[in-house]
Amino acid sequence: MKIKAHWQILISLVLATLMGLLFRSMGKEPGSATDFVNGVVATCEVIGKLFLNLLKMIIVPLVVSSVIAGITSLHGVKGFGRLLSKTAGFYALTSLLAICLGLVLVNVIQPGLVDGGPNEEIRAAFDNHEATDAEKAKVAGAKVSGNEQAGFFDQLSGFFIRMVPSNVVSAAANNGQMLGLIFFSLLFAITMTRLPLPQVAPLRDIFVSLNDVMIKLTQGIMALAPIGVYALIVPVVYETGGGLFVSLGKYFFTVLLALGIHMFVVMPLVIRVLAGVNPWDHFRAMRTALLTAFSTASSSATLPVTMRCVQDNAGVSKSTSSFTLPLGATVNMDGTALYECVAVIFVAQVMGVDMPMAAQFMVVISALLTSVGVAGIPSASLVAIMIILTSSNIPGAETAVVALLAVDRLLDMSRTAVNVFGDSCCALVIAKSEGEKVLENSAS
Ligand code: ASP
């Protein structure tokens with residue numbers, strides 16, 4: 001009997017968690033068990049990295065070939081303009097919904113306050129947190145890659161500058177520059193549709209068949225997912241933990257509750273209303289992609305799997321999905337935007353900074369703009385949180401960000417799943433609005 005892919009991944013997720021927990025209990029005892037545990041964890045890290053690299057390796061050829069093959073089959077630019085405005089509108093609207101949800105919950109639950117005043121215990125935990133070298137390096141990297149003093153104009157102009165790369169090869173080589181690669185591929189494809197068909201047909205056939213090869217390759221790599229997921233999760237469970245988790249319990253709860261409501265209430269309502277499909281069917285269609293997003297904490301690395309699920313299981317056409325999904329993996333991050341908003345206001349509460357409505361409004365706009373620029377890789381929102389904290393004049397930004405980073409993984413995994421689900425919902429709604437038959441068996 002063949003076990004279905006999503007079950008395989010789920011089983012390996014559970015087994016890896018159990019093994020990580022077992023290792024945690026063994027690892028604390030001095031002696032040979034520790035060497036053994038460290039050896040296994042280090043091996044898992046290597047295998048996990050190999051799996052992630054395999055997924056990332058196919059992103060550039062997959063994005064280029066699917067955008068070009070998809071757009072050239074749209075026959076002309078007219079349909080494309082409509083698709084672009086609908087997609088952009090959907091992404092902006094759902095991100096805003098997510099941020100507002102986070103804003104309401106963080107104000108109601110107030111995870112950073114006790115009895116109306118700042119939670120000194122958390123503040124002390126922030127101050128006493130000993131940053132590891134890896135955390136320090138990450139924060140230093142964040143400062144270099146994100147301009148902390150960036151105002152709204154800088155954030156907005158930065159987006160457009162990143163969108164138009166001066167060198168497409170270097171954009172392709174740089175993980176954070178996927179927007180530039182998509183822009184080039186779109187221009188290339190649109191230009192192809194402007195030329196007479198006989199002139200471009202051979203080129204189009206090449207991209208279509210390149211895309212077919214990449215799809216087959218994705219399937220091959222996904223056959224390794226249970227092993228890859230296992231190897232990724234064991235070190236995460238083994239290494240995370242510690243006192244901060246306990247003191248930040250309320251904050252965890254707020255973030256997870258907001259993400260949960262967005263994913264299981266808001267987005268299902270959106271697709272029910274706008275696409276008339278049964279949300280449960282869509283969850284079923286996206287199972288493998290959601291589990292991969294959760295395990296890898298990277299929406300970019302999950303993109304190949306997201307595309308497979310949306311096309312093969314949800315029945316969205318190649319042309320719609322190859323436009324909406326690569327763009328979504330880069331610019332649309334509902335979970336990240338929500339998280340940024342909650343994290344910034346939480347830190348303000350802990351630091352005793354009063355945030356009137358106007359200041360909170362600025363946080364909402366900043367979260368919306370910066371989430372567009374956040375790369376689809378683990379803990380990437382750190383840069384954005386640092387930018388917003390600094391531009392909102394909230395003190396202790398660096399200490400807080402390092403401390404949050406220490407407990408980020410579970411939240412990162414969860415918000416990445418929300419990010420990927422948001423992209424897939426957009427593909428579904430746009431496909432439906434273009435008259436496509438999606439989720440055929442869905443009870444609408
Ligand atoms: N890990 C997230 C993603 O890949 C980005 C983030 O919020 O850090 O979608």
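One-based numbering, in listed order, for ligands and for the atoms of each.
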With distance as the sole test, does N119 use its side chain to make a donor-acceptor pair with the main-chain N or O of L113 at under 3.5 Å?
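Checking the backbone N and O of L113 against the side chain of N119, no donor-acceptor pair under 3.5 Å is found.
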*asked:* Would the distance check show the side chain of E436 and the main-chain N or O of S317 forming a donor-acceptor pair, the cut-off being under 3.5 Å?
replied: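 Between the backbone of S317 and the side chain of E436 there is a qualifying donor-acceptor contact (under 3.5 Å).
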Closer than 4.0 Å to some heavy atom of [X] - which atoms of ligand 1 meet that?
| X | result |
| --- | --- |
| S298 | 4 (O) |
| T336 | 5 (C), 6 (C), 7 (O) |
| A297 | 1 (N), 4 (O) |
| A380 | 6 (C), 8 (O) |
| S379 | 8 (O) |
| D412 | 1 (N), 2 (C), 6 (C), 8 (O) |

Answer yes or no: is there a side-chain heavy-atom contact under 4.5 Å between [X] and [Y]?
| X | Y | answer |
| --- | --- | --- |
| L96 | V364 | yes |
| S66 | M214 | no |
| S322 | M307 | yes |
| I182 | L186 | yes |

Look at [atom] and say which protein heavy atom is nearest, naming residue and atom and giving the distance to 0.1 Å.
| atom | value |
| --- | --- |
| atom 6 (C) of ligand 1 | S381 OG, 3.2 Å |
| atom 4 (O) of ligand 1 | S299 N, 2.8 Å |
| atom 2 (C) of ligand 1 | T416 OG1, 3.3 Å |

Give the contacting part of A293 toward ligand 1: side chain, backbone, both or neither, where contact means a heavy-atom distance below 4.0 Å.
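No part of A293 comes within reach of ligand 1.
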Worksheet entry | V420, portion touching ligand 1 at heavy-atom distance under 4.0 Å |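 Neither; nothing of V420 gets under 4.0 Å from ligand 1.
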Using distance alone, decide if ligand 1 has a nitrogen or oxygen within less than 3.5 Å of any nitrogen or oxygen in [X].
| X | answer |
| --- | --- |
| N419 | yes |
| M333 | no |
| I377 | yes |

- Query: So which heavy atom on S381 is nearest to which on T336, and how close?
  - Reply: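 Answer, listing the atom of S381 first, then T336: CB-CG2, 3.7 Å.
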*Please name the pair of heavy atoms, one in S12 and one in Y230, separated by the smallest distance, quoted to 0.1 Å.*
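Residues S12 and Y230, closest heavy atoms: O-CD1, 3.5 Å.
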What orientation do Y251 and Y339 show, parallel under 30°, tilted 30 to 60°, or perpendicular over 60°?
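Ring orientation of Y251 relative to Y339: tilted.
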